[in-house]
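Below: one structure, written as structure tokens.
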Number of protein chains: 2
Amino acid sequence: MSIKYAVLGLLHYKDMHGYQIKDHIEKNFGYMWTVNFGQIYTTLKSLTDAGFIALSDVISSDNGAPQKKLYSLTDEGRREFKKWLKNSPEKQMLLRDPFLMRFVFFGFGEKEDALRLIEDQIQTYEQQLSRRKGNVFRWERQGVYVNMIAELGLNFNELFLSWLYKVRDAMRDTAPGERTVDPAVQL
Amino acid sequence: MSIKYAVLGLLHYKDMHGYQIKDHIEKNFGYMWTVNFGQIYTTLKSLTDAGFIALSDVISSDNGAPQKKLYSLTDEGRREFKKWLKNSPEKQMLLRDPFLMRFVFFGFGEKEDALRLIEDQIQTYEQQLSRRKGNVFRWERQGVYVNMIAELGLNFNELFLSWLYKVRDAMRDTAPGERTVDPAVQL
DNA sequence: TCTACCATGTAATCTGTTACATGATTGC
DNA sequence: GCAATCATGTAACAGATTACATGGTAGA
């Protein structure tokens with residue numbers, strides 16, 4: 001379970017409640033992990049059962065509104081996290097992308113469809129890039145490591161975009177009927 | 001299910017058996033998807049049940065060695081794949097990396113541990129890069145799309161490595177006791 | 001001889017996702 | 001008034017991983 005350590009890590013900064021944790025992961029690490037409520041609340045429960053975190057405060061408002069349940073790290077949780085942090089990562093980087101998955105097989109479909117999907121991707125990543133650039137000031141107030149990783153995200157975004165431009169232009173230049181896949185592929 | 005379409009896509013090239021499909025995905029798309037036998041054989045079964053693929057041949061050797069069960073695409077499978085191919089991708093790119101996950105939290109651990117993990121990563125990705133460069137000729141015989149994606153993989157590999165070098169050097173330059181994380185982080 | 005690789009499959013388990021259920025607050 | 005966001009939680013399902021079980025072939 002990876003989200004487990006993300007939660008333990010975040011609680012080093014300050015005590016947080018479930019909604020806040022989800023929000024934070026989404027906004028700051030969204031390109032790495034996706035989280036959903038189902039996962040957050042069950043993880044919070046299992047971490048509590050394991051003794052790694054504990055309910056530190058419950059903030060209730062007078063008018064029946066939902067309570068905020070704040071969790072904090074226990075000493076055991078801090079130890080567990082430290083142990084994990086110095087371990088070598090179990091796996092290599094994995095790039096999961098339903099667009100790229102289609103891309104490899106574009107030769108088996110229509111060129112117009114492929115071009116349309118590429119344009120969509122360009123739009124998406126142009127937006128993301130400008131959003132990220134606008135957030136630079138946010139990152140600057142964070143620690144150096146968080147900062148460095150934000151830079152990597154930005155660089156990667158730029159690399160991917162320029163690759164998309166190149167691919168689009170190369171495809172536009174090929175005549176409509178031209179075969180764009182080698183039928184005698186060696187597998 | 002994503003692996004489902006990877007299998008349907010690969011069977012466009014030629015009929016293949018389970019082990020072969022796994023091997024191919026691992027070697028060519030390993031940075032995008034991980035597969036394991038459990039998944040391959042159950043996927044093959046469910047695709048057969050759905051009528052998208054069919055057993056086309058069974059190659060058995062005389063001496064009790066395991067048989068190779070070759071599968072081929074059905075017309076329905078081809079239709080299903082075409083439909084999927086022109087659909088917009090459901091999700092955005094996701095970068096899953098247990099190393100980067102640790103990296104964001106390096107400020108809460110020891111600098112020496114962090115440096116060691118970074119060195120390990122550098123080794124790993126230097127090896128991968130030279131392996132990929134050696135494979136360029138392989139890609140060239142493939143279709144243009146497969147070619148383009150191989151280029152993206154190479155570019156990304158280079159970007160990540162130079163980021164790792166930069167990070168390592170920056171960390172070496174900071175004095176041993178120096179705090180490398182802002183304790184008053186804004187979350 | 002021993003390791004690595006070829007080859008198929010099942011069962012148990014762990015993770016992750018979607019949908020459901022509930023209700024307050026804030027801004028347009 | 002309505003949509004978005006804040007807030008917590010459960011149930012069902014889908015997807016992925018690990019371990020187990022079995023046995024042949026090729027090369028160091």
Side-chain angles (χ1 to χ4, degrees), chain A residues 1-7 15-27 29-30 32-50 53 55-71 89-92 94-98 101 187, chain B residues 1-8 15-27 29-30 32-50 53 55-71 89-92 94-96 98 101 187:
Chain A
M1 204 207 280
S2 52
I3 204 67
K4 178 178 153 184
Y5 293 99
V7 171
D15 292 3
M16 283 190 259
H17 58 83
Y19 193 93
Q20 215 174 356
I21 292 171
K22 189 203 174 236
D23 192 57
H24 192 265
I25 292 180
E26 232 166 37
K27 288 197 179 129
F29 309 133
M32 281 178 74
W33 312 294
T34 45
V35 258
N36 47 63
F37 289 118
Q39 230 179 323
I40 284 293
Y41 293 114
T42 50
T43 300
L44 248 24
K45 191 180 180 310
S46 84
L47 284 174
T48 306
D49 291 347
I53 63 173
L55 199 68
S56 62
D57 200 7
V58 179
I59 301 166
S60 36
S61 52
D62 32 339
N63 41 15
Q67 303 177 317
K68 296 178 191 177
K69 298 192 175 174
L70 288 173
Y71 290 90
E90 318 77 42
K91 294 190 175 170
Q92 265 202 244
L94 207 68
L95 204 85
R96 287 246 164 131
D97 186 5
M101 173 129 181
L187 282 185
Chain B
M1 207 207 278
S2 52
I3 204 68
K4 176 178 155 185
Y5 293 101
V7 171
L8 291 180
D15 292 2
M16 283 190 259
H17 58 84
Y19 193 94
Q20 215 175 358
I21 292 171
K22 190 206 173 232
D23 193 58
H24 192 267
I25 292 180
E26 233 166 37
K27 287 196 180 130
F29 311 131
M32 280 178 73
W33 312 295
T34 45
V35 258
N36 45 63
F37 289 118
Q39 230 179 324
I40 284 292
Y41 293 113
T42 49
T43 301
L44 247 24
K45 191 182 179 307
S46 83
L47 284 174
T48 306
D49 292 346
I53 63 175
L55 199 67
S56 63
D57 199 8
V58 178
I59 301 167
S60 36
S61 52
D62 32 339
N63 39 15
Q67 304 177 317
K68 296 177 189 177
K69 300 191 175 174
L70 288 173
Y71 291 90
E90 318 76 42
K91 294 189 174 170
Q92 267 203 239
L94 208 67
L95 204 85
R96 286 244 169 136
M101 174 127 178
L187 283 184

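Throughout, protein chains are lettered first and strands after them, A, B, ... in sequence-line order, and every chain is numbered starting at 1.
- A/Tyr19 has a side-chain polar atom (N or O) that falls below the 4.0 Å cut-off from OP1 or OP2 of D/dC6.
- Distance CG (B/Asp57) to P (C/dA7): 14 Å, rounded to an integer number of Å.
- By the salt bridge (charged side-chain N to carboxylate O under 4.0 Å, His left out) test, A/Lys91 is found to be paired with no residue, residues two or more places apart in sequence or in another chain being considered.
- The separation between B/Ile3 atom CD1 and D/dA14 atom C1' is 14 Å, rounded to whole Å.
- Rounded to whole angstrom, the span from the CD1 atom of A/Ile59 across to the C1' atom of D/dT8 amounts to 14 Å.
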Return the polar atom pairs (N/O with N/O) between nucleotides 9-13 of chain D and the protein under 3.5 Å, or none.
| residue | atom | partner | partner atom | Å |
| --- | --- | --- | --- | --- |
| D/dG9 | OP1 | A/Lys69 | NZ | 2.4 |

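- Classification of the A/Tyr41-A/Phe37 ring pair by plane angle, with boundaries at 30° and 60°, yields parallel.
- Shown here for A/Gln39 and A/Thr34, the closest heavy-atom pair between the two residues is OE1-O, 3.9 Å.
- The distance between atom CD1 of A/Ile40 and atom P of D/dT8, rounded to the nearest whole Å, is 10 Å.
- B/Asp23 places its CG atom 6 Å from the P atom of C/dC6, with the value rounded to the nearest Å.
- Side-chain nitrogen and oxygen atoms of B/Arg96 include none within less than 4.0 Å of the OP1 or OP2 phosphate oxygen of D/dA16.
- For the pair A/Asn36 and C/dG16, the criterion of a side-chain N or O lying under 4.0 Å from OP1 or OP2 is not met.
- Between atom CE of residue A/Met16 and atom CG of residue A/Leu44 there is a gap of 10.5 Å, rounded to the nearest 0.5 Å.
- A straight line from CG of A/Leu55 to P of D/dA7 spans 15 Å, rounded to a whole angstrom.
- Taking atom NE2 of residue B/His24 and atom P of nucleotide C/dC6, one finds them 14 Å apart after rounding to whole Å.
- Across every non-hydrogen atom of B/Ile40 and B/Gly18, the tightest pair is CG2-O, 3.7 Å.
- Regarding contacts with the backbone of D/dA16, a side-chain N or O of B/Ser2 is found under 4.0 angstrom from either OP1 or OP2.
- Here the closest non-hydrogen pair linking B/Ile3 and B/Val35 is CD1-CG1, 3.1 Å.
- When the P atom of D/dA14 is taken as reference, atom CD of B/Glu90 falls 16 Å away, rounded to whole Å.
- Taking the side chain to side chain contact (heavy atoms under 4.5 Å, CB included) definition, one finds that A/Glu26 meets it with A/Lys22, sequence neighbours left out.
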